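The next block holds one structure in the form of structure tokens; read it before the comments.
In this text, all values refer to a predicted model and were calculated from it rather than measured experimentally.
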Amino acid sequence: MTESDKLFAGSIPKLYDTLMVPLIFEAYAADTAELVAGFSPGAVLETAAGSGVVTRALAPRLGKGARYVVTDLNRPMLDYAATRQGDSSGIDIEWQQADALKLPFEDASFDVVFCQFGAMFFPDRTAGYAEARRVLRPGGRFVFTVWDRIEDNAFADEVTSAVAEIFPQDPPRFLARTPHGYHDVALIRSDVSRAGFTSIEIETREKTSRSPSARDVATAYCQGTPLRNEIEARDANALQAATDRAAQVIASRHGEGPVAGKIQAHVIVAAG
């Protein structure tokens, strides 16, 4: 992972939330919110919250008086998430910039720690998991999701191939390298185990990604993720050409008008 892989700034947070979130994150956010709420936690910590899609889904499901701390390493994303929260159904949300590998909380502070699609960005995943375990109370759960391999996520794979046509000598590989670069179930189980967890459940869930148009999909990936940073680093004037080519490839494979494609992710629940 490069430094630009972690850079969610400028116009990226808004485009990410308005295009990427409904495209691939909302369906899994509903699952995560249901899973976490099902544990009836009195105190919840969310790490790598991004633009707050799970926060919005989970807050109304928590019991009155529950403590909900929402964190992200990236300040612009966290600030954007706070502006989007709206009514939290009586839950007092604490917004705090924090590094998931160095959590500023005391031991045994939370009943559930969860992270949706953030672990792929951890420079030391086992250290991040160990931090989650440290702040969990006895009997608590650590819940996180990661994307499966890029070949099982149609639009991400197609965008990567399309953008590679624009830069054949140095193709941008952000999507394959980072969001879809941590998909090996055996490795995930090993990393979680080395962090000290003794009960580890992993479920692979397939869903369908839908969008009003191929253009929206291309814009979401090329301009609403750090793939944009890679494109502009190679040619500051090539962003539109890359977006156009991605839109053409997606339309050629999924048709004009509304499009749909397979997405797939792993859901992990760890305890002990």
Side-chain angles (χ1 to χ4, degrees), residues 1-26 48-53 72-81 83-84 117-118 120-123 147 149-182 209-263:
M1 182 172 64
T2 68
E3 283 302 309
S4 69
D5 287 3
K6 299 181 287 184
L7 185 60
F8 288 79
S11 62
I12 289 179
K14 184 176 181 180
L15 286 169
Y16 176 96
D17 192 61
T18 57
L19 294 176
M20 286 298 293
V21 164
L23 183 65
I24 62 173
F25 293 114
E26 278 185 348
S51 62
V53 60
D72 197 278
L73 180 63
N74 191 289
R75 187 81 240 180
M77 289 290 273
L78 192 66
D79 290 343
Y80 185 85
T83 67
R84 290 275 286 118
F117 299 119
M120 307 90 69
F121 294 88
F122 292 177
W147 292 113
R149 61 186 194 135
I150 197 167
E151 292 84 358
D152 285 314
N153 289 268
F155 293 147
D157 196 27
E158 290 156 6
V159 168
T160 298
S161 297
V163 174
E165 295 178 22
I166 306 295
F167 303 100
Q169 302 304 316
D170 185 19
R173 296 287 294 168
F174 164 72
L175 295 173
R177 180 179 60 248
T178 301
H180 298 281
Y182 185 56
S209 177
R210 301 183 188 278
S211 177
S213 70
R215 171 66 56 181
D216 281 359
V217 175
T219 303
Y221 278 100
C222 293
Q223 301 185 28
T225 76
L227 176 59
R228 177 179 189 146
N229 303 328
E230 281 199 305
I231 294 169
E232 293 184 325
R234 285 159 174 75
D235 183 342
N237 299 312
L239 183 62
Q240 193 58 54
T243 305
D244 291 346
R245 183 55 189 149
Q248 291 167 1
V249 169
I250 292 167
S252 71
R253 298 182 184 180
H254 300 274
E256 302 294 338
V259 293
K262 175 185 175 181
I263 49 176

Donor-acceptor pair between Gln248 and Asp244 side chains, under 3.5 angstrom: no
Close side-chain approach of [X] and [Y], heavy atoms under 4.5 Å:
X: Phe155; Y: Val259; answer: yes
X: Leu19; Y: Gln223; answer: no
X: Asp72; Y: Tyr80; answer: no
X: Leu15; Y: Met20; answer: no

Do the side chain of [X] and the main chain of [Y] share a donor and acceptor less than 3.5 angstrom apart?
X: Ser209; Y: Leu23; answer: yes
X: Glu151; Y: Asp157; answer: no
X: Glu165; Y: Arg245; answer: no
X: Arg234; Y: Glu230; answer: yes

Report the residue from Asp79, Asp17, Thr83 that forms a side-chain hydrogen bond (donor to acceptor under 3.5 Å, both in side chains) with Ser51. Asp17
According to ring-ring contact (aromatic ring centres under 6.0 Å, His included), who are the partners of Phe117, at least two apart in sequence or on a separate chain? Phe25, Tyr28, Trp147
side-chain contact (heavy atoms from CB on, under 4.5 Å) filter on Asp235, not counting sequence neighbours, yields Phe167, Asn237, Ala238
Apply side-chain contact (heavy atoms from CB on, under 4.5 Å) to Ser213 and list each qualifying residue two or more places apart in sequence or on a separate chain. Arg215, Asp216
